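For reference, the structure is listed below as structure tokens.
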Amino acid sequence: MAEVSIEKLTKSYDGTTKVLDGVDLHINQGELVFMLGPSGCGKSTLLRILAGLVNADSGTISFDGKNIMSLPPEKRRAAMVFQNYALWPHLTVFENVAFGLRMEKHSKNEIRTRVMESLEQVRMERFAQGAVTRLSGGQQQRVALARALAVDPALLLLDEPLSNLDANLRDTMRREIKRICTERKLTALYVTHDRREALSMADRAGVMHKGKISQIGTPDEIYNHPADGFTARFLGDVNRLKDGGIRPERIKISESGGKLRATLLERAFFGDSCEWLFEVPGTGKVLVRELAAPQRELGKEYFLDYEPEFLIPVPESGDEE
Ligand code: ADP
């Protein structure tokens with residue numbers, strides 16, 4: 001596993017729009033770093049450049065201090081897991097996982113050992129001789145992950161690997177990928193537009209906006225102390241108050257007193273939480289999220305309170321695209 005350094009990476013496909021506009025990123029050895037951002041912000045482009053599938057216009061990438069920009073994909077040891085699995089339909093599970101190792105001309109025994117170890121790691125060893133086309137989406141993604149692990153990559157790249165899976169399976173795979181990354185001490189870069197995935201799995205996560213990384217930090221840092229309005233909104237709901245923004249779960253509702261007077265408009269019960277929508281005169285709608293769902297009267301006036309330390313930057317209008 002390598003330590004990865006990316007400096008001043010730029011890329012434009014059409015010569016005008018900079019998809020990447022000076023991206024700097026350092027990934028420590030054994031670290032799972034996430035890059036979050038809306039569709040089209042350049043996440044896949046960043047991974048493809050790291051894998052050597054797309055050329056950057058300028059900038060440098062080094063693995064363990066060695067510049068790898070001029071190396072072809074197969075010499076970089078950056079293995080990629082794609083959203084659509086990208087398995088070979090005519091090969092068995094075993095042969096799919098063995099593919100990269102055969103290209104590297106390892107001995108038969110070595111290949112067998114590494115393929116079976118990788119399949120065990122993703123709990124797919126009993127399917128080794130089966131056809132990949134018979135597998136469910138989740139199983140196919142496990143095989144794709146095993147294929148990436150088998151080559152003992154310097155850097156593991158994951159491009160929205162859970163997006164094609166249904167919600168329950170996504171939760172299981174989220175834990176599995178995290179477990180494998182920890183067990184194997186993988187240096188990994190994972191891109192997604194799903195903040196829950198990033199916040200729950202990342203050692204550190206960055207948010208991409210307009211070709212740059214607007215902020216990078218631990219999930220707690222970027223969620224609770226976002227550097228700017230875009231980052232704040234991308235990671236969760238934010239209420240705009242006169243003195244700043246506040247997350248819905250930081251507001252307390254009471255009947256006796258608080259900073260704001262508010263009329264209760266709507267209640268939405270989600271089982272594990274409850275959301276209340278208030279109208280605050282002069283401020284507008286304010287959303288509050290609670291774990292409990294007590295009886296409250298719609299149309300009645302309540303008080304909302306919060307600790308000023310939880311105020312965060314809010315986007316200027318027009319800053320959210
Ligand atoms: P993301 O992964 O965040 O959705 P991408 O890196 O796929 O973003 O795309 C970033 C931008 O670059 C988008 O506007 C996309 O249309 C454009 N783009 C991506 N790949 C190509 C390509 N091969 N040729 C031209 N434009 C591309």
Side-chain angles (χ1 to χ4, degrees), residues 4-27 32-61 68-69 72-74 76 78-86 137 141 144-145 148 153 155-165 170 173-174 177 181 187-202 204-217 219 222-223 226-236 315 318-321:
V4 175
S5 258
I6 299 166
E7 280 172 32
K8 299 193 177 65
L9 208 61
T10 64
K11 174 70 185 175
S12 172
Y13 289 103
D14 60 8
T16 347
T17 321
K18 282 187 176 155
V19 174
L20 302 181
D21 186 11
V23 168
D24 292 316
L25 175 63
H26 186 88
I27 310 175
L32 173 55
V33 169
F34 270 69
M35 211 40 73
L36 260 169
S39 183
C41 77
K43 304 181 298 294
S44 296
T45 300
L46 176 62
L47 288 196
R48 283 165 198 274
I49 292 174
L50 282 161
L53 305 173
V54 167
N55 288 324
D57 297 336
S58 61
T60 55
I61 302 169
I68 55 113
M69 288 297 269
E74 65 277 10
R76 294 190 179 196
M80 189 123 151
V81 177
F82 298 89
Q83 179 178 347
N84 62 1
Y85 327 130
Q141 195 54 296
L145 187 57
L155 173 65
L156 178 66
L157 301 167
L158 301 127
D159 192 357
E160 308 243 3
L162 308 183
S163 298
N164 285 354
L165 307 178
R170 219 179 299 151
M173 284 302 285
R174 198 156 46 81
I177 293 175
C181 285
T187 305
L189 181 60
Y190 186 132
V191 308
T192 179
H193 62 272
D194 185 325
R195 65 195 187 205
R196 272 172 48 86
E197 244 165 76
L199 292 171
S200 63
M201 295 172 74
R204 282 187 305 139
V207 177
M208 281 181 73
H209 184 42
K210 294 184 177 164
K212 292 189 162 66
I213 297 174
S214 59
Q215 185 180 12
I216 184 158
I222 62 170
Y223 183 81
D228 55 43
F230 179 83
T231 310
R233 275 220 81 77
F234 195 77
L235 294 172
D319 186 29
E320 292 180 56
E321 82 283 12

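Small disclaimer: the values here were computed from a predicted structure and weren't measured. Values below: every heavy atom of this structure, side chains too, minus hydrogens, waters and symmetry copies. Just so you know, ligand 1 is whichever comes first in the structure, and atom 1 is the first atom listed for that ligand.
Taking a cut-off of under 4.0 Å to the non-hydrogen atoms of K43, the atoms of ligand 1 that pass are 1 (P), 2 (O), 3 (O), 4 (O), 6 (O), 8 (O). Per-residue contacts place S39 under 4.0 angstrom from the following atoms of ligand 1 (heavy atoms of the residue considered): 4 (O).
With contacts defined as side-chain heavy-atom distances shorter than 4.5 Å, the pair V33/V4 does not qualify. Using a 4.5 Å heavy-atom threshold, the side chains of D228 and H209 count as separate.
Ranking the protein heavy atoms by distance from atom 24 (N) of ligand 1 puts Y13 CD2, 3.5 Å first.
Residue G40 places a heavy atom less than 4.0 Å from ligand 1.
Residue V19 places no N or O, backbone or side chain, under 3.5 Å from any N or O of ligand 1.
When heavy-atom distances to ligand 1 are checked against a 4.0 Å cut-off, T45 comes that close through both its backbone and its side chain.
For atom 18 (N) of ligand 1, the protein comes within 4.0 Å by at least one heavy atom. The protein does not reach atom 15 (C) of ligand 1 closely, with no heavy atom under 4.0 angstrom from it.
Side-chain atoms of T10 do not come within 3.5 Å of backbone N or O of G22 as any donor-acceptor pair. Put simply, the side chain of Q141 gets close to the backbone of P161: a donor and an acceptor are under 3.5 Å apart.
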